Every structure is written in structure tokens, then in C-alpha cells.
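Below is one structure; the comments refer to it alone.
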Amino acid sequence: IGVSNRVDSEWTKTPAALLCLIHSYQMAMRQTPLTCSGHTRPVVDLAFSGITPYGYFLISACKDGKPMLRQGDTGDWIGTFLGHKGAVWGATLNKEATKAATAAADFSAKVWDAVTGDEVLTLAHKHIVKCVNFTQDSNCLLTGGNDKVLRIYDLSKPEAEPQEISGHTSAIKKALWCNDDQQILSAAEDKTIRLWDRNTGEAVKTLSFEASVSSMEYIPDGEILVITYGRTIAFYKAHTLDPIKTIDAPASIHSASLHPDKDFFVAGGDDFKLYKYDYSTKEEMESYKGHFGPVHCVRFSPDGELYASGSEDGTLRLWQTAVGKTYGLWKCVLPGEFERRFA
Amino acid sequence: MKTPVSVLRLPRGPEPNSRGFDPNSPRYIALCPTTIPASQGNKADSVNLEEEQQLRSELRECFLRSLIAMTDKQVQFNLYEKVQVQAKFGASDIDVLNFQVSDLQTPLGVQKEALLRCQDMISYSFHL
């Protein structure tokens, strides 16, 4: 901001001055995470829906066997999906937040009506199910778990046998549709990530790691794959599995998420903290304490305004991307002088 | 010393006695598919709709009356894991999520008062 001859009160009304004041205000604010309570055991997975006419939604998977649906921007509880008889390891919502799917230790995956909370379908498996993922049209459900087999269910023909894809030599931890639902990405305890062709069921590419991959996130816009293993957060091109970049964190990381605008990413793990990094420069920007246990999962909301974390401490926490901004339950309370001039 | 961001209120937690999914929420009202197939049809199906609603009301009334008839009677419950228990039925909660029973005979002994989760039951039977 340059020197001006203008009277002080007029100068401070310029857009540049306004931005400067907002920035310094936000820099002076401390992040207030919003704690969502209700679960009684560790929260091991969470997923957001897309943006719907009723806002966006969040589902959490918990070892207490009772996955919960929440309003995404406030964390307000909407309902609990009752029916599983064991720990729920994976949970997902379709884009419209009309359907939910869960994967559990009771050897089943379930599909739910996310509006009424009713159980729609139970898909029996031969072992613990760890992950579930809908195709973009919500017509097919991908499941993976401890029996090492990927299964694709046609939800319009639930009685039909699922298509099975074998190859992994250990329990599957995470499986995702990618490349316009034509391919599947899976991560397993065998320390590999495999890219499969959905139609042939053949592995197109395999990546091997020194350690088991702890999490995977697929960003369709830009075809980016975010994975975590050990203390590393790594970014790959989803089509080719070519590496883009890697970042090492101060502690073992369990989950990471890239902001929709791809300017930052967040990560959390063993040291209970949430880390925020600049994606371009790879620099650590901020770290936040709050959880009382390791962070198991973290995801950005579809509008990028907040990110949610799930922890061993049994809570979900919502964190602001732009600290101090008015959004959801967070309120920008302006300091007196600022309010007098601009509010 | 940084000031913490202000918050309007805390996120609302779960209700203790309900599984949620408020049927009065705007989303529910707008999106909830009616459970009556006939009502999804055109005007010509309105006769079918009425008939179906009538039958459903009768079934519902029958079920509610069966719960009343069961009060203070000995009921045999078939639960998962091939477990069978017997108890005196007291009442059901409004969502039929739990049954309040007395003198529940279990493999571990008799429980004077108990709540049985309906999701744990496969079937139950009693003599009228």
C-alpha cells in the first residue's frame, strides 16, 4: 500500500486497505475447532457428500458400530445409521447425499437411505469389510476388506453376484473409483497400490512401498491421488500413477486431504495434531492441537471452507480453512475500530 | 496473544432416545420417497392408493394391538447367535427400537428388569 496524501479516513476505505486489515485481523485470530461429540469409540473414517440444495453432509465411521450423518458446515447431528453389529471401518455418501454405504467388522457392507436413515441393503461378505465407494451415478458400489478381494455390486440388481477382482495378497484397506469410474485404485496391507481396469478386472499398474499405505484420496478434478504412508504425504497422477511430489511430516501421518483449489493440503496422524501445508511450496504453514488421540482421517469439505478430522479420542472436529472468516458456526467478530468504519 | 475465533454455538449432538432423521426437516419432506408405490403413479392409481393405504392402516393397527395383547405375558424371543430368552413383556418404545421386559431369563440368570433391543431380535412369540 503506497503513501497517500489523502485524508486518513478516506484512505482506509480503499479496497486495498480493507484487504490488508482483514488479513491482519485473520492473522491475529486463533483457530477454534468445532467438536462433534456422540461417538463412544474411535472415529476411523469420514466422508463428505457433494454440494446439494440442502447444503453438504458428512458421514463418520466409528468403532462403536453406529455411523452418523451430520450437516457438513455446522457439524450438527442429523441421524445415526443403526444396524451394524460390529465396528464400522468405512463410510461414504453419494454425491447427492441420498445414499450412504458402510463397511463393517460384522462381515457386511450396508447401503442406507441417507434421508430416512433406513437400511436399504445388506451385502454379506466372507470377512471384515474395510471400505466402500459409490460410482458417480450411485449405481455401483465397490467394497474391499480382509478377504483381499475387491467386489463391485450393481445396486439395481443386488441379488446378482458381484464382480470380483483378486490380486492383492493382504487385506485391502481402501478402494476408490477413478478415471470416470472406468478404473479402480486399491491400497492394501501388502504395501501396494494397484490400478485396475474395471471391465477386464486386470491390474494396469502396481506401486510398491516400504510401508503400508495408511490413506488414499482421489481428486477427480485434476486426476490427483493423495496417499500417506509413514511420515510421508505423496501426490500422484491418478491415471498413470506417476509421482508428482512428496512431503515429509514431523510425525507418522494417517490421513491427508488436498484442498479443492489445490493451494494447500492438511494432514493428521500419531501426534494428535493437524498440519496445514502449502501445496506449491511444500512448506508447513500451520499446525493445530485439539484432538486427544491420534488423527485417523481428515477431509476437506466440497467447498473447501473447512476440513473435518476424526480421531482415536472418539470425536470429529471441524477446522476453518480461512481462520476468522464468518462461515457455518464461526462468526467474524470485528474489533471495534474496524466495525465502526466498515460494518 | 491471539484471540480465539468466536462461535455462535457448538454443533448439536445426537438425541439420546432417537436415531434422528427428522421427518419434519425440509430435506426429508422434499426427498423422502413415499413408501406407498401406488402414490407414485398417476391420478388413475388413486383408487389403488386408497385401497393400499387402507390395508396398511389395518396392518399397522393389527401390529399395535398385538403389542397391547402381549402386555404382561410371557414372551419367547429368538435372538441372533441362536440365543433364546423368555421374559414378561412390559412395553415398547414409540419407534419400536426397544422392548421393556421383566424377569428376563438368560443363560446367565434372571434379570429383574431389562431393555431388549429390537434390532437384536429375529422373532418373538407368545400365547394369546
Side-chain angles (χ1 to χ4, degrees), chain A residues 25-39 52-55 57-58 66 68-71 73-85 96-98 106 112-119 315-318 320 322-335, chain B residues 1-37 39-40 56 59-60 63 77-85 92-100 115-123:
Chain A
Y25 164 73
Q26 287 186 344
M27 289 301 284
M29 300 307 290
R30 187 154 53 90
Q31 168 91 261
T32 303
L34 292 169
T35 303
C36 306
S37 56
H39 284 305
T52 81
Y54 303 91
F57 300 85
L58 169 59
K66 299 187 182 126
M68 290 185 180
L69 185 71
R70 293 175 188 274
Q71 191 70 43
D73 63 334
T74 59
D76 288 339
W77 175 81
I78 293 173
T80 304
F81 298 101
L82 297 177
H84 275 302
K85 296 195 183 311
E96 302 80 13
T98 51
D106 63 7
W112 312 79
D113 180 319
V115 179
T116 63
D118 293 336
E119 187 184 314
T315 68
L316 278 124
R317 271 163 221 256
L318 302 182
Q320 283 192 287
V323 178
K325 186 174 172 182
T326 293
Y327 183 85
L329 298 176
W330 292 287
K331 177 121 172 70
C332 176
V333 175
L334 304 172
Chain B
M1 183 64 188
K2 286 186 175 186
T3 325
V5 177
S6 296
V7 160
L8 294 172
R9 56 169 175 82
L10 296 178
R12 290 187 201 113
E15 282 157 39
N17 298 316
S18 165
R19 67 182 179 99
F21 299 101
D22 179 13
N24 297 315
S25 73
R27 189 172 94 111
Y28 192 109
I29 292 165
L31 296 180
C32 179
T34 175
T35 55
I36 303 172
S39 71
Q40 282 164 354
R56 283 181 179 271
L59 281 170
R60 178 69 178 171
F63 172 68
F77 295 94
N78 295 319
L79 309 178
Y80 284 89
E81 304 288 343
K82 298 194 174 70
V83 173
Q84 279 190 342
V85 292
S92 167
D93 64 3
I94 194 147
D95 286 320
V96 196
L97 287 172
N98 298 289
F99 282 173
Q100 178 254 316
L115 272 183
L116 288 178
R117 286 188 308 205
C118 294
Q119 68 191 90
D120 291 344
M121 296 169 201
I122 297 170
S123 67

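Since the structure is predicted, the reported quantities are computational estimates derived from the model, not experimental observations. Lettering follows sequence order; numbering is per chain, from 1.
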Side chain / backbone / both / neither for [X] at chain B, heavy atoms under 4.5 Å:
X        : value
A:Thr52  : neither
A:Gln71  : neither
A:Leu318 : neither
A:Glu119 : neither
A:Tyr327 : neither

Give the minimum heavy-atom separation between [X] and [Y], together with the two atoms involved.
X        : Y        : answer
B:Lys2   : A:Arg30  : O-NE, 3.7 Å
A:Thr32  : B:Val5   : OG1-O, 2.7 Å
B:Phe21  : A:Val115 : CD2-O, 3.5 Å
A:Trp77  : B:Glu15  : CZ3-N, 3.3 Å
B:Gln119 : A:Lys85  : O-NZ, 3.3 Å
B:Pro4   : A:Met29  : O-CE, 3.7 Å

- [ ] Could you tell me whether the side chain of B:Leu31 reaches within less than 4.5 Å of the side chain of A:Tyr54, counting heavy atoms only?
- [x] yes
Open item on the list: Do A:Thr116 and B:Tyr28 have side chains that approach each other closer than 4.5 Å (heavy atoms only, starting at C-beta)?
Closed with: yes
Task: B:Asn17 CG: over 12 foreign heavy atoms closer than 6.0 Å - done: no
Open item on the list: Check this for me: B:Ile94, atom CD1, are more than 12 non-hydrogen atoms of other residues, nucleotides or ligands nearer than 6.0 Å?
Closed with: no
Open item on the list: Please rank A:Gly38, A:Ala97, A:Gly117 by heavy-atom pairs under 4.5 Å with chain B and give me the top one.
Closed with: A:Gly117
Task: Non-neighbouring partners of A:Asp76 that pass side-chain hydrogen bond (donor to acceptor under 3.5 Å, both in side chains), sequence neighbours left out - done: A:Thr74, B:Arg9, B:Arg12
- [ ] Apply side-chain hydrogen bond (donor to acceptor under 3.5 Å, both in side chains) to B:Arg19 and list each qualifying residue two or more places apart in sequence or on a separate chain.
- [x] A:Asp118
TODO: Name the member of B:Pro11, B:Gly20, B:Pro23 that forms the most heavy-atom pairs with chain A at distances under 4.5 Å.
DONE: B:Pro11
